[in-house]
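Report on the structure given below.
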Amino acid sequence: MTLFGIDVSAWQPDEITRQINCDFAIIKATGGTGYVSASCNTQVAAAIASGKRIGLYHFAADGFADRGAVAEADHFVDSILGHLKHRPMLVLDWEADALPRGSAWAHAWLRRVHARTGVKPLIYMSASVTRQYDWHPVIADDFGLWVAAYYDAAPRGFANPGSAPRTPWPFVAMWQYTSSGRIAGYDGDLDLNVFYGDAAAWNKYTGGNATNVAKPKPKQAPATKTYTVAPGDTLSGIAERFGTTWQHLAKLNGLANPDLIHPGQVLTVTGGMKQAPATKTYTVAPGDTLSGIAERFGTTWQHLAKLNGLANPDLIHPGQVVRLP
């Protein structure tokens, strides 16, 4: 058995989820770390009032700077808390500017939302993207796939579109088979989707029986703290300070490249901060050079430049305090 539905955003009218006769509506809720759809609440209410199942999706990146997968996941969950009583399917929309962040970022987002809601989200992407990244960790954690692939641009309705595209997933949960759908009740193109399963299968993706709207107790998220990156910090150094590994911090923060952290960046960390060793410093005297100071203390000028966040190692001045290793 299959179910047919639409996905919409603020680009469509608020009442469209009531106007279209279908089984479900998947609605854009948030994007990046700062966007909340002004149409989401009305579109959800219209879908519920007309007896439809609902889904809510987050558009990764969406033009915002990358503050990490956890920050975007928390923005999404915090924005949809009032709708969890409706047992929505939850989705990460993974396309466009999000792609360079890599599959580890997407995996971290999915895990964070699951930890906070108890619902395992689907991930949405085009069929080509399923072959461009390593998705095996996502598949191993049992996060399902909503795939987009269009055979042509011809107008289509709700009808069996044929065989779903082949992907690394053992099966496709849902297929967006056209972006030029034409359905009575709306004079314009719509994204149309087929869900491969019946109502009971849909409910498994929403964390339980959709007819039971009692809000479940959310799973207790692991205790986390934040740390602001200082000049000279490395991920391995921060990890050592908090009694963990750089691999754990990279996964926790959705960092595709653990060497790319910058001063002022806020990282999520776990555990307690170890007592930092006493910091050694040296006050620059007239005639000093960074290379001379480095030689005096048994290190390199490159290490001192990195430790002190010096963009130009030739620009030091008398009275300046330099951190030493």
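For this chain, numbers begin at 1 and follow the sequence in order.
- Checking Asp288 against Tyr282 by side-chain atom types alone, a donor-acceptor pair falls below 3.5 Å.
- To the nearest 0.5 Å, atom CG of residue Asn253 and atom CZ of residue Arg67 are 12.0 Å apart.
- The pair Arg182-Asp189 counts as a salt bridge, with a side-chain nitrogen and a carboxylate oxygen less than 4.0 angstrom apart.
- Between the side chains of Trp146 and Asp7, no donor-acceptor pair is found at a separation under 3.5 Å.
- Taking the six-membered ring where tryptophan is involved, the planes of Tyr151 and Trp175 are perpendicular, since the angle between them exceeds 60° and thus also 30°.
- The pair Asp78-Arg116 meets the salt-bridge criterion, since a charged nitrogen lies less than 4.0 angstrom from a carboxylate oxygen.
- For Gln12 and Tyr186, the side-chain atoms include no donor-acceptor pair closer than 3.5 Å.
- Residues Thr33 and His75 bring no donor and acceptor atom of their side chains to less than 3.5 Å of each other.
- Because its NZ or CZ atom is not both nearer than 6.0 Å to the ring centre of Tyr57 and within 45° of the ring axis, Lys28 does not count as a cation-pi partner of that residue.
- Residues Ser37 and Ser39 bring no donor and acceptor atom of their side chains to less than 3.5 Å of each other.
- Contact annotation: the side chain of Trp109 approaches that of Phe76 to within less than 4.5 Å [non-hydrogen atoms, C-beta and beyond].
- Ala46 and Glu15 get closest at one heavy-atom pair: CB-OE1, 4.1 Å.
- Checked against the 6.0 Å centroid criterion, the rings of Tyr35 and Phe59 do not qualify as a close aromatic pair.
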